[in-house]
Amino acid sequence: MKRQSIVVLGLVLSAGLCVWSTGYLIAVGLRMDALSGFATPAEIYLGGGGLLAGVLGLALFLGLVLRPAAPVDAGIQPDDGTR
């Protein structure tokens, strides 16, 4: 696999982790319109940890995707000051 395809795969997996974690937190009862949550601390840590890992993965892989490519020019030799 090429490096670019691995980065895009990581980006897709991170986005999927964010969506899954959000869906999980909603399924266990932590909704914005709920007056009180019925989730256990373990469920909150699992959903919140997955959401945090997904967001950090998105930041990492977006940074790798959007990084400018290094220019490659074989004709330019480094100037070492010998002239």
* Do you know which two heavy atoms are closest between Ser21 and Leu51, and how far apart they sit? -> OG-N, 3.2 Å
* How long is the span from the CD1 atom in Ile6 to the CG atom in Leu64, to the nearest 0.5 Å? -> 11.0 Å
* **Same apolar cluster: Trp20 and Val28, side chain cutoff 4.5 Å** => yes
* Structure fact -> On a heavy-atom basis, the closest approach of Val65 and Gln4 is CG1-NE2, 4.4 Å
* Check whether any side-chain heavy atom of Leu13 lies under 4.5 Å from a side-chain heavy atom of Leu9, and answer yes or no. => yes
* To do: Go through the steps to decide whether Thr22 and Ile26 satisfy the test side-chain contact (heavy atoms from CB on, under 4.5 Å), and finish with yes or no.
  => CA-CA 6 Å; Thr22 303; Ile26 291 171; 4.1 Å; yes
* Asked: Shared ILVMFWY cluster between Leu66 and Val8, side chains joined below 4.5 angstrom?
  -> no
* Asked: Considering residues at least two apart in sequence or located in another chain, which fulfil the side-chain contact (heavy atoms from CB on, under 4.5 Å) criterion with Val55?
  -> Cys18
* Measuring from Leu56:CG to Ser14:OG, what's the distance to the nearest 0.5 Å? -> 9.0 Å
* Approximate separation, where rounding is to 0.5 Å, of Leu52 CG and Tyr45 OH -> 13.0 Å
* Is it true that Leu46 and Leu17 fall in one hydrophobic cluster, defined by side-chain heavy atoms closer than 4.5 Å? -> yes
